[in-house]
Amino acid sequence: MIIRELENDFIKFTLNEDASAEIFDKKRAERWHMGRVAYQEDNPVDAGHFWLRTERSLCEEYPANFRVKAKGKLTEYTLLGRLGQEMGTFDCEWRLAGEWVEAEVSRIGEELPCLMFPTPIVCDALVLPMQQGRLIRTPANNRYAYRFGMHLNMRWFGGLRGDRGWMALVDEGHEDAGALYSSMHITPMWLKSLGQWRGKRIVRYRFTEGGYVGMAKAFRSWAKEHGLFKSLTEKIDQTPALGNLIGGPMMGFGMAGTFNRKRLEDNYRSVPEQWQGKSEGVVPNFTYAQVKTIFEDAKKLGMKRGFLFMWGWTNGGHDELHPDIWPPEPALGSVDELAELCRLQDPYVTGIGDQYEEIYEQAPSFPKGCCLLPNGKPFPAGIWGGGQAYGLNHKHSVEYAKRNWRKMQTLNPRFVYLDATTASELRESWAKDDTLTRTQCEHYKKKLFSFWKEQGLVIGSENGTDWGIPYTDLVHNSFGRTPGESIPLWSLVYHDALFTCHGGQLLDEKSFGQTRLKNMLWGQTFEILPVSPADWDGVVRHQFSASLDADRWQGRTCLAEMTNHKFLTSECQVEQTEFSSGGAIAVNFGSTDIEIDGVKVPANRYAIRD
């Protein structure tokens, strides 16, 4: 039985009483079917952990059916459990807005711990904005929950049938949303905020052509219209030092860490190779003098411009005492030596790493500003070099940053890297009189970025996410490549909005070669990360010289939009990306030479096509 019909010049939408729907895309004469079942969970998906447990169990999930009835302009849904029992109710207003089908979910019963809705659209392949991007053509055996802002770095996902596609875009409520994925089905996932249903939840569906490239371009247009895009050209105008990364690499140095044997044993970790035979305490990887020597050597090898980046310069070394970073670790050299490195002038820029996502038990400020769980205990986060970390409430992150800058500004850095800010999930805190919702968390992360930008600095962070685009100038990532599955959605949307940097540490020659090719294909900035002076003198110095062609290609394309990507062979080992500047690059990750349109692409090499 039909419950509701909506129609305009672009779409005809028909909703049935079992919650299934038929959608006719008039522009492309394509019909899509939305099923009647959506997996639900018996308990909150987000159990108050720092990171959502992405893999879900069939024991905690059940296939929910729905009973649907019209209620004025709204539609009332009753969610039915495993044995047909009523689990709760909610309303949805379905609307058509041009080419979009909109679903606004409201009045969700508090008895529902979470909600996966609307039901999935049937398709042959899924497109997920994860890492660079994923094209999923084989049904998954397991079930996965992904949050926007971390697992999904843009607030959409979609599906394909041939060249035609559908995409779901969370227009409002992305902070408390994500997606549940299983088999070849994916559906929006809505979470409570501090244990209650609050705020608006709107998801919009649009129908596309041009495969995953068409989807990426549709989101790019939407992002520009909604303040989630700022071009590199604009950013360089605002912060000219950023322009020194055009055609240059990022050279990163992890300066020091603290060796604490008990901490390693507590977390079932063995002593790292570089600490074998050394005394406990701060272990330097580089001194400031050694960094200066290596950087000068890199210039002699052909680095004409670029960034020098140091992390672990802080008191105790990397991740030891955040957010109490001052004074700089004395084992690395004097403050004057650090300040001298920070005074590099064009065409070179120095940056220093900092972090306001977590606080450590041994930090003097602990537990001030720590997020609290509902039971009042500190919110445990990652286990890093400093041992167990705890999540910071971002209201206090901004306060700590302002305090630290009063000391850091004496170094005169031109670039600050705020580790994990755009990589960590939006979090909550139940601290009495100091609560934090995920929406507030995003708000204060933006304020954190804004504070540093007000100091005239280049701003970097990790991985990247759509809400961070107006605030960040560059991101570091470690995105891998799976042939046929990895697609450059991130670059298709945001290539000309920020520098995306990736490299490696102590890579063997094959891995180095593949990483270099991947960077060139995706239009990324090459990042050189020696682990020690001996590492530089060994394999990394040679790899640095071999990566200079990647710098030249980046310099040619970094301000241009990536306009297209395609696989050129059925094995998906030869790929091509194209840019609005007119250049295209074909990359052969395979072991056999191949000829494409009369152009030879050697094995494990590339061919630039003008």
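Everything numeric here is computed off the predicted structure, so don't read it as measured data.
Residues satisfying the side chain to side chain donor-acceptor pair (under 3.5 Å) test with Asn16, not counting sequence neighbours, are Ser20. Contacts of Arg4 classified as salt bridge (Lys or Arg N to Asp or Glu O under 4.0 Å), with partners at least two apart in sequence or in another chain: none. Contacts of Trp384 classified as side chain to side chain donor-acceptor pair (under 3.5 Å), with partners at least two apart in sequence or in another chain: Glu358. The ring pair (Phe, Tyr, Trp, His ring centres under 6.0 Å) test applied to Phe13 returns Trp94, not counting sequence neighbours. The ring pair (Phe, Tyr, Trp, His ring centres under 6.0 Å) test applied to His174 returns no partner, not counting sequence neighbours. With sequence neighbours left out, Phe579 forms a ring pair (Phe, Tyr, Trp, His ring centres under 6.0 Å) with His495, Trp553. For Phe449, there are no ring pair (Phe, Tyr, Trp, His ring centres under 6.0 Å) partners at least two apart in sequence or on another chain. For Arg31, the salt bridge (Lys or Arg N to Asp or Glu O under 4.0 Å) criterion is met by no residue, not counting sequence neighbours. Applying the side chain to side chain donor-acceptor pair (under 3.5 Å) criterion to Glu22, with sequence neighbours excluded, gives His33. Qualifying side chain to side chain donor-acceptor pair (under 3.5 Å) partners for Lys518, counting only residues two or more places apart in sequence or in other chains: His502.
Using a cut-off of 4.0 Å between Lys/Arg side-chain N and Asp/Glu carboxylate O, Lys395 and Glu399 are scored as not salt-bridged.
Screening residues 111-131 for salt bridge (charged side-chain N to carboxylate O under 4.0 Å, His left out) gives no qualifying pairs among residues at least two apart or on separate chains.
Taking the side chain as every heavy atom from C-beta outward, Phe207 and Ile11 approach each other to under 4.5 Å.
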Side-chain donor/acceptor pairs under 3.5 Å, residues 135-142, sequence neighbours excluded:
{"from": "Arg137", "atom 1": "NH2", "to": "Gly484", "atom 2": "O", "distance (Å)": "2.7"}
{"from": "Asn142", "atom 1": "ND2", "to": "Glu55", "atom 2": "OE2", "distance (Å)": "3.2"}
{"from": "Asn142", "atom 1": "ND2", "to": "Tyr144", "atom 2": "OH", "distance (Å)": "3.4"}

